[in-house]
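Working notes, beginning with the structure itself.
Chain identifiers are assigned alphabetically (A, B, ...) following the order of the sequence lines, protein sequences preceding nucleic acid strands; residue numbering begins at 1 within each chain. Heavy atoms only: backbone and side chains are in, while hydrogens, waters and symmetry mates are out.
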Protein chains: 4
Amino acid sequence: MVGTVKPRRRQARGERRMAQLLDAAEEVFAAGGFSAATTNAIAATAGVSPGTLYQFFPNKESMATALADRYVAALAAAHDPDARVDGVPLDDVIDRMVDPAIGIAGDHRAFEAMFRAHPCRQLRAAVTDNVDRTIAARVPELDPGRRRLVATVVVKIIGAVLPDILAASGRAEAELTAELKRVLRAYLLDVSD
Amino acid sequence: MVGTVKPRRRQARGERRMAQLLDAAEEVFAAGGFSAATTNAIAATAGVSPGTLYQFFPNKESMATALADRYVAALAAAHDPDARVDGVPLDDVIDRMVDPAIGIAGDHRAFEAMFRAHPCRQLRAAVTDNVDRTIAARVPELDPGRRRLVATVVVKIIGAVLPDILAASGRAEAELTAELKRVLRAYLLDVSD
Amino acid sequence: MVGTVKPRRRQARGERRMAQLLDAAEEVFAAGGFSAATTNAIAATAGVSPGTLYQFFPNKESMATALADRYVAALAAAHDPDARVDGVPLDDVIDRMVDPAIGIAGDHRAFEAMFRAHPCRQLRAAVTDNVDRTIAARVPELDPGRRRLVATVVVKIIGAVLPDILAASGRAEAELTAELKRVLRAYLLDVSD
Amino acid sequence: MVGTVKPRRRQARGERRMAQLLDAAEEVFAAGGFSAATTNAIAATAGVSPGTLYQFFPNKESMATALADRYVAALAAAHDPDARVDGVPLDDVIDRMVDPAIGIAGDHRAFEAMFRAHPCRQLRAAVTDNVDRTIAARVPELDPGRRRLVATVVVKIIGAVLPDILAASGRAEAELTAELKRVLRAYLLDVSD
DNA sequence: GATGAATGAGAGTTCATTCAT
DNA sequence: CATGAATGAACTCTCATTCAT
C-alpha cells in the first residue's frame, strides 16, 4: 500500500530536483554561455552538491539539451505554427514569428545561449520547423526544399539580431525590432513572388 | 645606410616568428574557436615553446586581436568600399559585399571564429564600416544613423549565414549564397525606398 | 539526535584533511618561506592532489593565514597576557614574554616564516597585543599610545633575534636568549622610569 | 698604439654598464625585494637586453652581492668606526651608529632589501663589524666574544626597526627613531656595567 | 538519493638563463 | 659587446567527473 505510493513520491521529488537543477543551469548558462558554465556552479546555484547533479544528468551537455527541451515546449505553447495565416497580412505573420521569439528569449534567460550551444540542435530544429510551417501556410506553393532553406535563413537572421534586441531597451530595442521585421518582410515578399 | 638595415635583421626573425605564431593561432582558433584554443597548442603548432609565444604576445587575447588585424588588412585589400557603386546595378553591389566576405573567410580559416570572438571588436567594426560606406555610396540620401543600423543588420545577416556557406560546398553552397544575396537585395531595395 | 551527528562525519574527513594540509603547509613554508612555497609541493607533502588543496583553501595566501590562526591560538593558550604581573619581578615578566615565544616558534616550524609573511598581519597583531597587555599590567601608568609603540618595538626585537635562537642550540642558544632578555629588561626598565 | 688604449676604453665602458645595471637592480630590488625581482625587469630598467646583463653578472644573486658591495663602500665612507668615541657621551655614540644607517638606507633605495637578502651576507657582516668596532672603542674592556654577540644583537635591532622608520615620516618617524635609540642606549648601558 | 571530498590533467603565464646572430 | 629570440620547467589555479560514505 505504502509501496505503491513511495515510488511516485520519489519520482515527484526527483522531478522537482531536476527542475531545480535546470533552473540553476538556466541561470548559469545565461550568465556566461554554455562552455563557460561550470557544473559546480550549477550545483551550488541549485543548492545541492555536485554529486547530486550527476545523479540526474550524466554530464554538462545533457543539462543543456534538457534545458533546450524546456524551451522547445515553451515555443510550442507560445507559437502555434498551424494557425491560419493565409488570410492575414504579411506583417501580422511576421509579428507572429518575431514577437514570440523575443518574448520567449526574454522570459527564459538562457534561451539565446542554448540556441547557440552546440548540444542544442533540437532547439534550433524546433524553431526552424515552426518557421517552416508558418511559411508553408502562407506560401503553400513554395517548393518544400526551398522552403526549408528559406526557413533556415529566416531563423539565422532572427538569431543574429535577437541578442542585440534583448540587450537593448527603449527606442534602440524598438528600432532594432522594426529593422528585423523589415528584413523579414522584404525577404518573404521576394520569396513569395 | 647600412646601419639602418642591420637592426632589422633581428626584428626580421622575430617578425617571422610572429607570423608563424599567428599562422598557428589561426589554425587552432579555426579548429575550436577562441576560448577553446590553448596557448600551449598554438605554441606547439608553431613548433616553439610556450615561452616564445609570450615573447611576442602578452596573452591569448592579443593573439586574437593581432589575427583580427590581419583580417582587417585583408578586408581592406579585397573590398574597396569607396569604389563607385552609384551607377552599378544593386546585384553587383551586393556581389561586391558578399563575395569578398566569402573569399576572405574561405582563405583565412579563423575569420569566422575571430569575427565572433569577444576581443575582436575591431574586425566587426571594420566589416561594418565597409558595408556602411558601400551603402552610403549606393543610397546617399539615407540618414547616417539609420544607415549605421542597416549596416549593422546587414553584417549580422552575413555573419549568420556565412558559417553555413563555408561549411557547405557545391550546390548547397551556391544555393545558400544565392539565398543570402536575395535577402540582402530585398532588404536594401526596401531601405532605398 | 543522530541527525546532528551525521553531517559532522563528512566535515570530519574534511577537517582532518584541512589539518593535514596545514601540517604540510607548515613544513613547506618552514623550509623556504611563504613565497618560495609551492601549492603543488604542499599538496604533495600532504599526499593529496592539487585540486584537493583548493577544495579547502581558495589560494596560497589563505593557507598562510589559516596557519597563522593556528599560531594565534597556540599563543593564546601558552601566554596568558592578563596574568598578574604587577607583583612579580621584571625578569619573570620577561621570561613570560620570551620563553613562550621561543617555545611556540620551536614547536611550530613555520612560526617564524608566518610571522614575516605579508598575509599574516593577524599573527603580528596578536603577538603585539599580548606584549602590549603584558606591559600594561606591569607599567599601568604608561600612556597607551607610547605603550603600543613600545610593544611594537619589543615585538620587532624578539622577531629579529628569534630566528638565530631557533637556529642555534646548546650554549649559543642560551647565550642569545640571555642577550635578548637583557635587551628587553634594559629597555623596559628605561621605559618604566 | 691604438691597441693599448682600446682595452681601457672597453673596461671603462664595461664599468659604466655595470653601474647602469646596478642602478637598475637597485630600483627593481627596492620595489619588491630580491626574490620578487626579475632579471628581465632589471635589464629593461637599465635599457639593455637580458643577454647584456648576463655578460656582466653570472646570475641574479651576483647582482645582489655587487649591489651590497656598493653599500659596504658607502657605509665605510659614512661611518668611520675608528673615530674617537671613548670621550664622547653614549648618546652621541648611538647617534653615530643609527643616523648613518638611516641616512644610507634612505639614500640607497635597496639597502634594506639587500640587508635582508640571503646572498648579501657581507653587507650584514660589514654593518656588524662597524658596530663591533664602535663598541670596542667605547667599551674596550668587553670580551671580544661577548662584544661580537652584542654587536650582532644591536645590528638585528636596528635592522628590525629600520624599515618602519624608513616607511614612516614626520612625527612617527621621529618617534620611532627616538625609541630605537632608547633601546640601544639602555642596552649598551647595561652591557657597559 | 545525497553529500562533499577527491582527482589529475591541463589551463595561461612567468622567468632565469642560453645562444645564434 | 650587444641583441632579443628561445627555452621549458614550474607556477597558481580550475573543473568535469567519480566515489566512499
Side-chain angles (χ1 to χ4, degrees), chain A residues 9-10 13-14 17 35-44 47-61 63, chain B residues 6-7 9-18 21 35-43 46-61 63, chain C residues 6-7 9-18 21 35-43 46-61 63, chain D residues 9-10 13-14 17 35-44 47-61 63:
Chain A
R9 281 257 171 83
R10 278 192 193 159
R13 249 204 346 193
R17 270 270 183 282
S35 51
T38 278
T39 55
N40 282 350
I42 295 172
V48 302
S49 66
T52 298
L53 186 155
Y54 279 89
Q55 218 123 30
F56 293 92
F57 300 94
N59 50 44
K60 207 171 92 166
E61 271 197 26
M63 302 205 75
Chain B
K6 252 187 182 170
R9 272 277 168 66
R10 319 233 161 79
Q11 291 191 349
R13 194 162 48 130
E15 262 170 66
R16 243 179 293 135
R17 269 277 180 280
M18 272 189 68
L21 282 161
S35 51
T38 276
T39 54
N40 280 356
I42 294 171
V48 301
S49 68
T52 297
L53 186 156
Y54 282 91
Q55 198 119 41
F56 296 97
F57 302 94
N59 51 46
K60 205 171 94 167
E61 269 198 27
M63 301 204 76
Chain C
K6 251 185 183 170
R9 273 275 168 67
R10 319 232 162 80
Q11 290 191 347
R13 197 165 41 133
E15 263 170 67
R16 241 179 294 133
R17 269 276 178 281
M18 271 189 69
L21 282 162
S35 51
T38 274
T39 53
N40 279 356
I42 294 172
V48 301
S49 68
T52 298
L53 187 155
Y54 283 91
Q55 198 120 39
F56 296 97
F57 301 94
N59 50 46
K60 206 172 94 169
E61 270 199 28
M63 301 206 75
Chain D
R9 280 259 171 82
R10 279 195 190 155
R13 251 209 340 199
R17 270 269 183 282
S35 51
T38 279
T39 54
N40 282 350
I42 294 172
V48 302
S49 67
T52 299
L53 187 156
Y54 280 89
Q55 216 122 31
F56 294 93
F57 300 94
N59 50 44
K60 206 172 93 165
E61 271 197 25
M63 302 206 75

Over all strands shown, is [X] touching base, sugar-phosphate only, or nothing at heavy-atom distances under 4.0 angstrom?
X: A37(C); answer: sugar-phosphate
X: T52(C); answer: base
X: T38(D); answer: sugar-phosphate

Nearest whole angstrom, please: distance from the [atom2] of [N] to the [atom1] of [X].
X: E15(B); N: dA5(F); atom1: CD; atom2: P; answer: 10 Å
X: N40(D); N: dT14(E); atom1: CG; atom2: C1'; answer: 9 Å
X: K60(D); N: dT14(E); atom1: NZ; atom2: P; answer: 15 Å
X: Y54(D); N: dA6(F); atom1: OH; atom2: P; answer: 18 Å
X: F57(B); N: dA6(F); atom1: CZ; atom2: C1'; answer: 15 Å
X: Q55(A); N: dC19(F); atom1: CD; atom2: P; answer: 13 Å
X: R16(C); N: dA6(E); atom1: CZ; atom2: C1'; answer: 14 Å
X: E61(C); N: dC13(F); atom1: CD; atom2: C1'; answer: 14 Å

Between [options], which nucleotide has the shortest distance from any of its atoms to the side chain of [X]?
X: R17(D); options: dA6(E), dA2(F), dT14(E); result: dA2(F)
X: P50(B); options: dG4(E), dA9(F), dT17(F); result: dA9(F)
X: S49(D); options: dA16(F), dG4(F), dT7(F); result: dG4(F)

Mind pulling the stems DNA chain E is in, i.e. runs of at least three Watson-Crick or G-U pairs, everything under 3.5 Å?
E:2-21 with F:2-21
Non-hydrogen atoms of L53(B) and A43(B) that approach each other most closely:
CD1-N, 3.9 Å
